[in-house]
Amino acid sequence: MDGDAASRAGYDNITELTLITPILAGHAGELRQVLAGVQISHDSPIKKISSIHYARWVVIDDGARLLFTSNFDGTWERYLRDFSEKIPEGLDAIWGHCEGWPGAQPFEPFRDWVREHEIKADLFYAAYPESTVKEVLRALDWKQKAERFLAALAKPPQS
Amino acid sequence: MRNLRDNLGDIQGSILRAYNMPFARYLFYTFDDPPAGREWLGKLRKRVTPATVWAAADKPEATLNLSLSYAGLEALRVSADTLASFPEEFRAGMAARSEVLGDDGESGPEQWEDAFQSGGLHALVAINAQTSSALESELASLEAIAEPFEGVSKRYVQEASMPATGTEHFGFKDGIAQPSVEGCGMPEFPGQGTPSEGGKWRALKPGEFVVGYEGEDGLEAPGPRPSALGVNGTYLVFRKLHQRVASFRDFLRTTAARLWDTDDPEKVELLAAKLVGRWRSGCPLELSPDKDDADIASNPQINNNFRYARDANGERCPVGAHIRRANPRGALDETDTLVKRHRIMRRGLPYGDWLEGDTDDGVDRGLVFIALNSSIERQFEFIQEEWINKGDTFFLDDEKDPLIGANDGSGTMTLPGPPVPFVFNLQRFVTVRGGEYFFMPGIEALHGLAQGTWSTDS
């Protein structure tokens, strides 16, 4: 993992992941339906992983392959373990349509499968590489509260 | 899946029970010759203390437990396939994991004692004893069968004993919170397991601490292959942690004076408790935030029965206090880490003489830290990297653990209460003098190793 992290493009605290995996013959339609059916809301399973800045799934090559890209806080191994332990059903529902999928649990075969299909970025840019998702959310929360406070102060006293 | 209770006789005792013995000696050996190493192992195996439940009257005077480093398994000529089936972090060894562990600067492996730098510590024999004479007599038995031994050399010895205060060297009662394990036959107390419904607690699944049993993920805790080598075993983390006691005491006085503008000793004690999360007696701040309470401290039905659920901002126990970081209990919701997957057994004991007075006397004193877990990476290393040396999980940005974190003199801690709710200038009060990762096999697996069952040259 150490050598792994050191060879990665970019930053200490934020990591990028790109994965391209072959879709099982005839499964592209079903996979598209699964992805279309996911509603991102405040209680979505993916919200259980508080380190994700962005994640996207794209069916490419006329349904031959699935592209997954994500940016997240912390190390590669930790991030994958979070996926495996917290939302294994979600992972199985998506990548179960790909070739060689070992299942999201146990962790070790899943990690090895991801390593096998991972493509390392040649260039990775982040505008705020020092700020984690938690820091950003907290800063936005403070900003909103400060603005409300200022707005309340600015109101003329009620007569 | 396997039933723990039926296998206690094959599991090494220190995994599942805190011996609570005030004397210990840790002996490290190197195998210079594979057949000699195996023969030595075969002799020692017979003295290994199992996890079999004993009645209070039958508690042994002394215990012996044995574990092997990755280099040790290599030196026993364990086959390449089997070696490769051990987890990465164990294969790498502790020195190579310094970046993950925050072992830099004064704690960096290049600063460690020579014996730990060379990577040649193959076997660890840990002897615990109720009295110093029991310790000596156990050592004599050890010497009678296996020392000196042609082809096996003793490389390093560490003594440890509980100071007369009954505390570690900073002056706190230690080792109070230990995970309870389902089916291990030990009494369970509230707060040791994982939070469950209605304010209750549930013992953790044995796979968190023993290879081959169901873990908290519902799966069998993985081990090396073939499985017979791994079953009933676990991983042991050994760290010799030097404590800068005079610096710590000085820091408490200076900082308390700055926070409250007084030299009132009660404020010094309050600050000490805020950094740790418990008063010196062991009484948790969460249950008694304003004053120490000996009745709470001494009652095992109460002294762990808290979960931070109604203290989100840390007004009672600071969010960054040592014990809240190391075991956040119910403080994290499920959008964060699963606390139950990141617990460790702690089996350490202080070393070195107690510091009288407040001036540094140059004596080496500290803690022999021992952690037991079925995955070093997921348990010990995770706690160390994510919870001790980072603050993000707790919305504490770059803050580190105030007591054992890798602070560089400019560390801060958010501390609700005083007029200025921050502690500044945190330094490294604890430095690493050396350490290694070990595998602690089941007793039958030790027999197999001694027989060369998994070796290539026998």
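Only a predicted model underlies this, so the values are computations on that prediction, with no experimental measurement involved. Each chain gets a letter, A, B and so on, in the order the sequences are listed, and its residues count up from 1.
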Task: Gap separating the CG atom of B:D397 from the CD atom of A:E130, nearest 0.5 angstrom - done: 11.5 Å

Open item on the list: Taking side chain as everything from C-beta outward and backbone as N, CA, C, O, which of these in B:P222 sits under 4.5 Å from a heavy atom of chain A? Side chain, backbone, both or neither.
Closed with: side chain

Task: Segment of A:E108 engaging chain B (4.5 angstrom heavy-atom cut-off) - done: side chain

TODO: Would you mind checking which part of B:E220 comes under 4.5 Å of any heavy atom in chain A, side chain (CB onward), backbone (N, CA, C, O), both or neither?
DONE: neither

- [ ] Please check if atom CG in B:D398 has more than 12 non-hydrogen atoms from other residues, nucleotides or ligands closer than 6.0 Å.
- [x] no

Task: Closest contact, heavy atoms only, B:L219 versus A:Q105 - done: CD1-CB, 3.8 Å

- [ ] With side chain to side chain contact (heavy atoms under 4.5 Å, CB included) as the test, would you mind laying out the steps for B:E89 and A:E77 before giving the verdict?
- [x] CA-CA 12 Å; B:E89 73 281 1; A:E77 185 116 1; over 6 Å; no

Open item on the list: Tell me if the CG atom of A:D62 is crowded by more than 12 foreign heavy atoms within 6.0 Å.
Closed with: no

Task: Approximate separation, where rounding is to 0.5 Å, of B:D392 CG and A:S51 OG - done: 9.0 Å

Open item on the list: Out of B:K390, B:E216, B:R341, return the one with the most heavy atom pairs under 4.5 angstrom to chain A.
Closed with: B:R341

TODO: Output, in order, the C-alpha distance, side-chain angles, deciding distance and verdict of salt bridge (Lys or Arg N to Asp or Glu O under 4.0 Å) for A:R81 and B:E386.
DONE: CA-CA 14 Å; A:R81 201 186 275 282; B:E386 300 292 333; over 6 Å; no

Open item on the list: With a sphere of 6.0 Å drawn around CZ of B:R225, does it hold more than 12 non-hydrogen atoms of other residues, nucleotides or ligands?
Closed with: no

